[in-house]
There are 2 protein chains.
Amino acid sequence: MDQVTIKDVAREAEVSPSTVSRVISDSSQISCETKEKVRTVMDRLGYHPNAIARSLVNQRCNSIGLVMSRPTDRALANPFFTDMIQGIAASTQQENFSLMLTSADSYESETREALNLVKKRQVEGLILMASRISGDLINTLVRENYPFVLVGRSREHSDIPRVDNNNIRAVKDAMIKLIAKGYSNIAFLSGPKDFVVCQDRLQGYREALVEAGLAYRPELVSYAEFSYEAGLKEAHDLFIRSRRQIDLVFCADDLLALGALRAVETRGLKVPEDIGVIGFNDTPAASLVNPGLTTVRIPIKEMGKRAAQMLISVIEDHNYQGEEVIIPTEIIWRNSVRDDQL
Amino acid sequence: MDQVTIKDVAREAEVSPSTVSRVISDSSQISCETKEKVRTVMDRLGYHPNAIARSLVNQRCNSIGLVMSRPTDRALANPFFTDMIQGIAASTQQENFSLMLTSADSYESETREALNLVKKRQVEGLILMASRISGDLINTLVRENYPFVLVGRSREHSDIPRVDNNNIRAVKDAMIKLIAKGYSNIAFLSGPKDFVVCQDRLQGYREALVEAGLAYRPELVSYAEFSYEAGLKEAHDLFIRSRRQIDLVFCADDLLALGALRAVETRGLKVPEDIGVIGFNDTPAASLVNPGLTTVRIPIKEMGKRAAQMLISVIEDHNYQGEEVIIPTEIIWRNSVRDDQL
DNA sequence: TTGTAGGCGTTATCAT
DNA sequence: ATGATAACGCCTACAA
């Protein structure tokens, strides 16, 4: 209930506060008997060091903040973030750090909150989920020299500590394999235009087409929110616009792909016989729908772990500035694309 | 970069540190000109009050902890926690509190970590997700008078501040409606035996049977982990054990239900014509599968909001001890149960 | 209206 | 091996 302090322990153990402090840090210059004695008293009194007092004198609070750059509810609606949090939490726990979550209902307040957290010294650094992180936040962070790590990448900034997967390459590779399977009229169902991941994935799509000698047709590209409903709607539009001359829809996210799957179905067509669908992220639901959704799997939890580790290293080791870590992805072949070779 | 303190501001503004402090708290006994002058300097110097120093003197850190055990979160799968965090974050933000996440890989370390958090005064209170929370944690919390709120309920403790839905009633009500629809051979696919939610949901199942004059047949009850795979397997076992004399499977969780759905399908039977399936939670995937999964929807985010609000009230108002809040649930009728009345 | 001094709980630097 | 003392950055009586 009432805080037991180092002084209480000192008085009871008939030593000075500094001695108690040294016992806490298990200093080598304290006799065993004293340690014994003090520890007994600490137990009896139920003493626990006050983390805040400690932080104040050490100028270290041993905690980091996680910033999710969309209004949080939207952000968390995607399983992506859950996995991310798990990964980050695993690392922080291992390194004896605490994890604080920032969230807000608008993008601006979010940025402000995140900055406040570091400026008020409540956290020692930030992990940013870079979906459409404005340059501003990063600029400030860089200028004021606050430790941070990006998950994803920023268009405006390079040479910034970050953990990411190569979205361009992942889509390109998948596309090449799909084209090898005989697909030639491939549409691309993208997420919001201003998301860097979407831009990158679209670029991978383009590059693959070009390399394969296929035309890039802008009318086969659609943009939507990352949601099932948007996927459903945009896929329909896409089918109408293209007068059904599509044999595959490459989706920038599984939720979109799940919507597209349903769209194909409601048009009386079959997946994968008539139209193939492929997604991104390997959402749990991807293996539950029928046909199973072929998708590009990202080891999200692993990325979270790495990001937190890197941030903590940056914080603790002043000679380390962080680095760029690219995590490999993997295609999970299920039944939403044809399996036959050309 | 280097911390700007109240002293720096005081020196620059040619006032005393206490004056600056008073300006920060917008004290009414400071002249407007002084406030103006000091604020200008604060801006110029980029001053931000140090939250930790503040916490130390105020004995208030304005932050709460969310305890989600890794084992638990495995079991409950993603969407539940995700929604929970959203709700909690919404409230903490509104009340100017910070949110800390604890997680651990074992149940014991988890409990230890959570207790440490409050004992070290890093958080002012805890929100516990009570899936199989041991009495120990709660006992300690109660004994040492640390503010906390349960989401869910504890078997050993009553009269504890908590936010929950009435699982017994929810299942019972659903059962009664299903029985009215003509179902009479209803199996129950439960989650882990030691989860209070499972025990409660099972009890609702029993009570409904009894009230309807139907027999409770233990061989129609199965236990599994909360996962798709476990649902698939247990549903199969159930069908074999019961020699197909089942017309409905009531599942304690959507993931189990999704597994059961698939199990029915792979046996060459049809949902809902041959066997009905109902789940719990209204997981996103529930609306994506075909047929759509009928399920009991819990307003999880709302529960999170209420829990955080209650905790903060308990912390700030010493006359308020918290209460028991029961949030109503709702059945989402989709196509995994027959719609025809008897 | 403003300044001075003491303290929040801890650690680190001196002494002894 | 141990103790006294001064910070850490802020707040708040108490003075003036």
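Note that the structure is predicted; figures quoted are calculated from it, not measured. Heavy-atom basis, side chains included; hydrogens, waters and symmetry copies ignored. In the text below, chain A, chain B and the rest are named by the order of the sequence lines, each starting its count at 1.
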Please report, rounded to the nearest Å, how far the P atom of C/dT2 is from the CG atom of B/Asp26. 13 Å

Is any side-chain nitrogen or oxygen of B/Gln59 closer than 4.0 Å to OP1 or OP2 of C/dG9? yes

Nucleotide of D/dG9, C/dT11, D/dT2 approaching A/Ile6 most closely (side-chain heavy atoms): C/dT11

Taking atom types as they are modelled, would you say the side chain of B/Ser21 forms a donor-acceptor pair with the base of D/dT12 within the 3.5 Å cutoff? no

What integer distance in Å separates A/Arg22:CZ from C/dT10:C1'? 13 Å

Does any donor-acceptor pair link the side chain of A/Thr19 with the base of D/dA1 at a separation under 3.5 Å? no

Below 4.0 angstrom, N of the basic side chain to O of the carboxylate: do B/Arg60 and B/Glu316 qualify? yes

Is it true that B/Arg112 and B/Asp136 have a side-chain N and a carboxylate O under 4.0 angstrom from each other? no

Could you give the CD-to-C1' distance, from A/Gln29 to C/dT13, as a whole number of Å? 11 Å

Hey, does B/Pro17 reach any base, or is it just sugar-phosphate, or nothing, if we go heavy atoms under 4.0 Å? nothing

Is any side-chain heavy atom of B/Ile64 closer than 4.5 Å to a side-chain heavy atom of B/Leu126? no

B/Leu56 or B/Ser31, whichever maps to the more 5' nucleotide of DNA chain C: B/Ser31

Nearest-Å distance for atom pair OH/P, residues B/Tyr47 and D/dG9: 10 Å

Any B/Thr34 side-chain N or O less than 4.0 Å from OP1/OP2 of C/dT2: yes

Does A/Arg54 make a side-chain N or O approach to OP1 or OP2 of C/dT11 shorter than 4.0 Å? yes

Can you tell which of C/dT11, D/dG9, C/dG3 lies closest to the side chain of B/Ser16? C/dG3

Options D/dG9, D/dC14, C/dT11, nucleotide nearest the side-chain atoms of B/Thr5: D/dG9

Closest to the A/Ser18 side chain, choosing from C/dT4, D/dC11, D/dA4: D/dA4

Basic-acidic side-chain contact under 4.0 Å: A/Glu12, A/Arg44: yes

Do A/Pro147 and A/Glu124 touch side chain to side chain, with heavy atoms closer than 4.5 Å? no

Value in whole Å for how far the C1' atom of C/dT10 lies from CG of A/Asp8: 13 Å

Is any NZ, NE, NH1 or NH2 atom of the basic residue among A/Lys120 and A/Glu113 found under 4.0 Å from an Asp or Glu carboxylate oxygen of the other? no

Please determine, for the side chain of B/Ile24, which listed nucleotide (D/dT2, C/dT11, D/dC11) has the closest atom? D/dC11

When the nearest nucleotide of DNA chain C is assigned to B/Glu14 and to A/Val57 on a heavy-atom basis, which residue is associated with the more 5' position? B/Glu14

Taking atom P of D/dC10 as reference, at what distance in whole Å does atom CZ of B/Arg11 sit? 13 Å

Would you mind reading off the distance between A/Asn58 atom CG and D/dC8 atom P, rounded to a whole angstrom? 13 Å

How long is the line joining NZ of B/Lys7 and C1' of D/dC11, in whole Å? 13 Å

